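Heads up: the structure comes next, in structure tokens.
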Amino acid sequence: MCPNCEDFARTVLLLGQLALYADMVGADLDFVEAVSASLAVSLPEPPPDGGPAYPGDS
């Protein structure tokens with residue numbers, strides 16, 4: 001696996017887990033907002049050819 005592929009997959013996984021946490025009763029939504037913004041900004045470029053597409057990509 002290419003180096004960026006692993007980082008991309010790990011970041012996407014963390015964003016998904018954070019989304020699940022945000023739907024839980026009693027979730028700290030301030031934490032979710034802060035961490036999700038940081039994760040989204042740190043998202044590396046998508047892997048070349050065959051990687052997941054970003055929303056809005058054509």
Side-chain angles (χ1 to χ4, degrees):
M1 184 181 276
C2 66
N4 284 348
C5 296
E6 186 177 337
D7 289 344
F8 184 82
R10 185 180 310 119
T11 304
V12 169
L13 176 66
L14 288 170
L15 283 167
Q17 290 175 331
L18 191 60
L20 291 174
Y21 169 72
D23 286 339
M24 293 175 57
V25 175
D28 182 348
L29 297 181
D30 290 333
F31 170 79
V32 171
E33 185 177 328
V35 173
S36 63
S38 297
L39 282 173
V41 168
S42 73
L43 197 62
E45 289 294 318
D49 298 326
Y54 281 108
D57 278 355
S58 38

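This structure is a prediction, so every number in the text was calculated from the model and none was measured.
- Scanning both residues, Y21 and D28, for their nearest heavy atoms gives OH-N, 2.9 Å.
- Cluster membership check: L13 does not share its hydrophobic cluster with M24, using side-chain heavy-atom separations under 4.5 Å among Ile, Leu, Val, Met, Phe, Trp and Tyr.
- L20 and L39 fall into different hydrophobic clusters, where Ile, Leu, Val, Met, Phe, Trp and Tyr are joined by side-chain heavy atoms under 4.5 Å apart, directly or via other members.
- Counting all heavy atoms, side chain and backbone alike, A40 lies closest to L15 at N-CD2, 4.4 Å.
- Across every non-hydrogen atom of V32 and A22, the tightest pair is CG1-CB, 3.8 Å.
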